[in-house]
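Input: a single structure, listed below in structure tokens.
Computed over heavy atoms, backbone and side chain alike; hydrogens, waters and symmetry mates excluded.
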Amino acid sequence: MNPTDEQTAAADAFHTGGHHLGITKGIRVGERDLSPKALSYATLRTVARFCHTADPALTRHHVPHLRGLEDRDLYAELAAHIVPFARKAWADLQHPDDGAVRFDHDHYLKIWALTQPKIGTDFLLLDEAQDTNPVVEQIFLSQRSHAQLVMVGDSAQAIYQWRGAKDVMTGFDGIQLALSQSFRFGPRLAEEANRWLAIADAPIRLTGTATVPTELGTVPRPDAVLCRTNVGAMIQVMDLMAAGYQVALAGGGDSLRALALAARDLKEGRRTTHPELLLFPSWSELQDYAAHDPAGRDLQPLVDLVDTHGPDAILAAVAQLALEAQAEVTVSTAHKAKGREWACVKIADDFTPPKDSDQHDDVGRALPGWSTAFPARTVLTAPRRPHCRRRRGGRDPRSPPWVAAARPVPADGSVRPRRLPGRCRGCGWRR
């Protein structure tokens, strides 16, 4: 459950344009009431989903699935209501200067793609090719008649499938070159990563750099904690704050604040405009949905968190978040951690470990079985370990890294030496 803050803001902005499109009253689908704002949001998401595709026209399959309306017949009824509004919105977007609907990046990209553009160049590079929307794929591949195409990416790092992106390298007819050695971690982490790459059926295997000290094991005091979900991140934030740490949240706390405000609205008997929860009239209905409907099981951690701490305590914790530069620990979802670097990283317990399978890795250890709750690619995020810098600046590859985890963890489980502000934990030099 990772709705973006941009989606929430866009829904609010689009509501004003909803009246222009004729969205003036709510409807009832099955046992769910959809307010005009909910219809406006569904219409906006329908247009966005269409813009991400290579489809030439907007149809019912672009309508998003809403929580509580997973049944096929209910979805068909919802789509019948939404498609006319979405087509009217798309027509409005053809006039960005004086239209009622907010004009965004997705819109002008799709409008341009429909013109079948030719990019006048000899070489065309597509980066992050494992997360390419079909509309971008269509534009890119259509240049093959006159340009050399180059794709760069890592299939094991795809994170945007939930919004329609796909790994376009899989079926690309071209010469494949692989960079298999990582300079961000040592052989021990590469060995563990290869276990998960085998689970994901990825063709590549990694080699670490022997000169980069890396340890795997219990982490008493990490620099960062990686979580699977926003709710899991909030649990870690509150636990760390209760233990007296200054905590930062990668990307900020706006998405968690929005969830807490939505929970407070529902608990106080008001409907919410949060994209994930807008169909629930009360907190009790959300509790029942999370507990008994298989489609709502990923909401159970949110329900448990709110029932345990209350919305106000969550909002207070978000308000106390520190900037990363001042924080002792940074909490992040694995999604937002992509490309980030920390010296000592802990994996949170909301990644449910799968049971071992009957398969074994190259050294004879049992491979964990596949589990949708614990995607193999999620645990591949690894910290880069920058080398120490001497007083004169520059980089000394012989110096130890900015990392305390390279030192053995005491058998009694005691915490690592206290972190001194601005001091390198590898060599002691003050930055």
Side-chain angles (χ1 to χ4, degrees), residues 2 4 6-7 48-56 61-62 104-185 189-190 193-194 196-208 226 228 250-251 332-341 370 372 375-384:
N2 291 297
T4 64
E6 290 80 5
Q7 287 177 345
R49 285 163 58 90
F50 165 62
C51 289
H52 296 159
T53 71
D55 299 337
H61 78 271
H62 298 118
D104 289 329
H105 166 77
D106 287 338
H107 303 144
Y108 67 72
L109 177 63
K110 181 64 175 180
I111 291 173
W112 180 59
L114 289 173
T115 67
Q116 300 180 345
K118 178 180 179 179
I119 302 175
T121 187
D122 295 324
F123 301 91
L124 193 60
L125 172 67
L126 177 64
D127 198 8
E128 300 289 348
Q130 77 279 356
D131 276 319
T132 303
N133 283 334
V135 63
V136 175
E137 178 190 20
Q138 180 189 51
I139 296 171
F140 182 76
L141 294 181
S142 66
Q143 313 305 313
R144 192 161 196 167
S145 62
H146 64 275
Q148 180 175 334
L149 306 183
V150 180
M151 292 183 176
V152 179
D154 181 355
S155 299
Q157 294 189 46
I159 59 176
Y160 285 106
Q161 186 178 8
W162 58 273
R163 60 166 285 172
K166 62 179 183 177
D167 178 9
V168 297
M169 297 181 292
T170 304
F172 186 63
D173 181 19
I175 300 173
Q176 296 186 13
L177 302 173
L179 176 63
S180 61
Q181 181 169 5
S182 173
F183 300 95
R184 296 189 174 196
F185 48 77
L189 187 54
N194 286 334
W196 296 102
L197 287 169
I199 297 279
D201 201 24
I204 193 172
R205 294 296 182 267
L206 300 178
T207 302
L226 301 189
R228 186 174 69 91
S332 176
T333 60
H335 182 272
K336 291 183 179 177
K338 184 179 178 183
R340 302 295 305 275
E341 301 175 1
W370 175 257
T372 57
R377 63 187 50 167
T378 307
V379 300
L380 297 181
T381 303
R384 184 179 181 183

**OP:** Could you tell me whether the side chain of N133 reaches within less than 4.5 Å of the side chain of R163, counting heavy atoms only?
**Re:** yes
Identify each donor-acceptor pair in which a side-chain atom of residues 167-174 lies under 3.5 Å from a protein atom, sequence neighbours left out, and give them as a table.
{"unit_1": "D167", "atom_1": "OD1", "unit_2": "M169", "atom_2": "N", "d": "3.1"}
{"unit_1": "D167", "atom_1": "OD2", "unit_2": "S155", "atom_2": "OG", "d": "2.6"}
{"unit_1": "D167", "atom_1": "OD2", "unit_2": "T170", "atom_2": "OG1", "d": "3.1"}
{"unit_1": "T170", "atom_1": "OG1", "unit_2": "D167", "atom_2": "O", "d": "3.4"}

**OP:** Would you check if F185 and L206 make a side-chain contact, meaning some heavy-atom pair closer than 4.5 Å?
**Re:** yes
Original post:
Is H52 reaching over with its side chain to a backbone N or O of R49, donor-acceptor style, under 3.5 angstrom?
Top reply: no
**OP:** Using modelled atom types only, decide if a donor and an acceptor are shared between the side chain of H62 and the backbone of C51 within a distance under 3.5 Å.
**Re:** no
Subject >> A250 versus R340, closest heavy-atom pair with distance >> reply: CB-NH1, 3.8 Å
Original post:
So which heavy atom on A113 is nearest to which on P117, and how close?
Top reply: O-CD, 3.6 Å
Original post:
Should L149 and L126 count as side-chain neighbours, where that means a heavy-atom distance under 4.5 Å?
Top reply: no
Subject >> Within-4.5 Å side-chain heavy-atom neighbours: D55 and H61 >> reply: yes
Original post:
Considering all heavy atoms of both residues, which atom of A337 and which atom of L226 are nearest to each other, and what is their separation?
Top reply: CB-CD2, 3.7 Å
**OP:** State, yes or no, whether a side-chain contact exists between E128 and Y160 at a heavy-atom distance under 4.5 Å.
**Re:** no
Subject >> Pairwise side-chain contact, L109 with V136, heavy-atom cut-off 4.5 Å (strictly under) >> reply: yes
**OP:** Return each pair, listed once, that meets side chain to side chain donor-acceptor pair (under 3.5 Å) where at least one residue sits in residues 108-118; pairs must be two or more places apart or across chains.
**Re:** H105-Y108
Subject >> Side chain to side chain, I139 and Q143, heavy atoms closer than 4.5 Å >> reply: yes
Subject >> Residues in side-chain contact (heavy atoms from CB on, under 4.5 Å) contact with Q181, at least two apart in sequence or another chain >> reply: F183, T207, T209
Original post:
So, D131 side chain and I159 main chain: donor-acceptor pair closer than 3.5 Å or not?
Top reply: yes
Original post:
Shortest non-hydrogen contact from G164 to P134?
Top reply: O-CD, 3.4 Å
